[in-house]
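Start at 1 with the first residue, then count along the sequence. What you are looking at is a predicted structure, and each value in this text was computed from that prediction instead of being measured.
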Amino acid sequence: MRYISTRGEAPALGFEDVLLTGLATDGGLYVPESLPHFSLEEIRSWRGLSYSELAFNVMHPFVDDAIPADDFRKMLDETYAVFSHQAVAPLVQLDSNEWVMELFRGPTLAFKDFALQLLGRLLDYVLEKRKQHVVIMGATSGDTGSAAIEGCRRCEHVDIFILHPHERVSEVQRRQMTTVKGDNIHNIAVRGNFDDCQRMVKESFGNQGFLGGKTQLAAVNSINWARIMAQIVYYFQASLALGGPDRSMAFSVPTGNFGDIFAGYLAKKMGLPISQLVIATNRNDILHRFMSGNQYEQHQLEHTLSPSMDIMVSSNFERLLFDLHGRDGQAVKTLLENAAKGPVSIEDYRWKHARKLFDSDAVDDKGTCDTIREIQEQNEYLLDPHTAIGVRAARNCRRDSSVPMITLGTAHPAKFPDAIAESGVSVRPQLPAHMADLFEREERYTVLDNNIAGVQEFITKHWKNA
Ligand SMILES: *Cc1c(COP(=O)(O)O)cnc(C)c1O
């Protein structure tokens, strides 16, 4: 399988290089040159498979011959064995034909574990083979950081630097990152917001000279194709569990960086019958504004009760724009250069096409709290604030009640106790046993100014082989 850049200029790469590269040299994101397509018959034959067997079938075409099939199977078995539920991604029923898929049964309690537990193993496998070392640089609005650290902490060939916005992640999220021991793990709290962190990471990928040519940067953000790839699997899993592919499904996806929902869009293109995909945002609603009015315009970042979605610039949206523009990299490049300067729109027929693919909704903090309370009262089931946004958007946008509506449950409520308290429910979410002593563990992190030179200097001083 070959991968090409959404901006049309960078060289095409194979899976191994895409895994290690992150951002393409032209500033674009890598996407597969062509997608595998599965027939209904083939998908039907996957009923009853374990999660890791299903993951192999869905992902193998993307990995191709970069990793021998037996090695890849073993890696997937190990990856999904660390999840705390036998079904890996269990479904919980809220109402008739309405479900939450719990994607938070991994070690750090958010859906990011599905991809990052695998990514750590993939990286170590490929780096061992190449006798190579990389520096991971990543920005996190909270959950990516801990999942990346947990996924990569045993990697011998990796130093990992995670930037998070200082005092803008929940205490549980921060502690999940800063209490992990390992001399290859470095947490940087930036005096800025998530977009500042993301911008510094992007700029560093664009110009890696500060590393002195001695190593290269690898990405753990969803600009890394391997993350998207791993997230396609659970759409198939949910569908198969509820009678797919012989009936179609609707999904509602809490979204910030457009990664998870983009994976759903790909699942559909790969042959899975999906009749509705709902983009669920919080008040940082650039995607919802685009879908409703064909205006792609950055607004001031707002801090909400769903911090993992407090994102102004939605990186992976570029991957969709590439498809909407008939895979014309030049058109995407021009559009995004203009978008950096002010509001942009796309041609009306392209936008109408986007509206056929997605519905959207934006849910504010009040709507989030109301939904947490409502579901707790009706179902005695506690939603985290991100999942609550998904459930609310699912109900607001639903088109056909005979189609199962599945909201992706992106995080465990115990990650966001303050939001739960604010919603007014009296139950307190409990951390699972393996994290019960989180508040006693020693933390390690460095606070730095919102200044790229200082961050890069910190990295060059601290990576292992420096
Ligand atoms: C990362 C995250 C999201 C947003 O996912 P994207 O792939 O960035 O759209 C939503 N909810 C939670 C809990 C997250 O950690």
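- Although no hydrogens or angles enter the test, the distance criterion places a donor-acceptor pair under 3.5 Å between the side chain of R247 and the main chain of L242.
- Residues R168 and N193 form no side-chain contact, since every pair of their non-hydrogen atoms from C-beta on lies 4.5 Å or further apart.
- Side-chain N or O atoms of S345 include one that pairs as donor or acceptor with a backbone N or O of N294 at under 3.5 Å.
- For T108 and D113, the side-chain atoms include at least one donor-acceptor pair closer than 3.5 Å.
- A salt bridge does not link R398 to E98: none of the charged nitrogens lies less than 4.0 Å from a carboxylate oxygen.
- By the 4.0 Å N-to-carboxylate-O rule, E443 lies close enough to R174 to be salt-bridged with it.
- Using a 4.5 Å heavy-atom threshold, the side chains of L122 and F72 count as touching.
- Checking each of H386, Q176, Q173 against D143 for a side chain to side chain donor-acceptor pair (under 3.5 Å) leaves exactly one that passes, namely Q173.
- Not a single donor-acceptor pair under 3.5 Å links the side chain of Q117 to the backbone N or O of A81.
- Y3 places none of its side-chain heavy atoms less than 4.5 Å from the side chain of L19.
- D364 places a side-chain N or O within 3.5 Å of a backbone atom of K366 that can act as its donor or acceptor partner.
- Using a 4.0 Å cut-off between a side-chain N of Lys or Arg and a carboxylate O of Asp or Glu, R199 and D196 qualify as a salt bridge.
- Taking a cutoff of 4.0 Å between a charged side-chain nitrogen and a carboxylate oxygen, E442 and K181 do not qualify as a salt bridge.
- Judged by distance alone, the side chain of T255 and the main-chain N or O of V253 form a donor-acceptor pair under 3.5 Å.
- Enclosure of atom CZ in R154 is not indicated, since only 12 or fewer non-hydrogen atoms of other residues, nucleotides or ligands lie within 6.0 angstrom.
- By the 4.5 Å heavy-atom criterion applied to side chains, S308 and T410 are not counted as neighbours.
- Panel note: side chain D310, backbone H303; no donor-acceptor pair is recorded below 3.5 Å.
- Using cut-offs of 30° and 60° on the angle between ring planes, the pair F290 and Y296 is perpendicular.
- M200 places a side-chain heavy atom less than 4.5 Å from the side chain of L163.
- Side-chain atoms of S423 come within 3.5 Å of backbone N or O of I420 as a donor-acceptor pair.
- Residues F114 and L103 have side chains in contact (heavy-atom distance under 4.5 Å, counting atoms from C-beta outward).
- Counting only N and O atoms by type, the side chains of H299 and D285 include no donor and acceptor under 3.5 Å apart.
- Contact of the L272 side chain with the Y235 side chain is registered, since non-hydrogen atoms from C-beta on lie closer than 4.5 Å.
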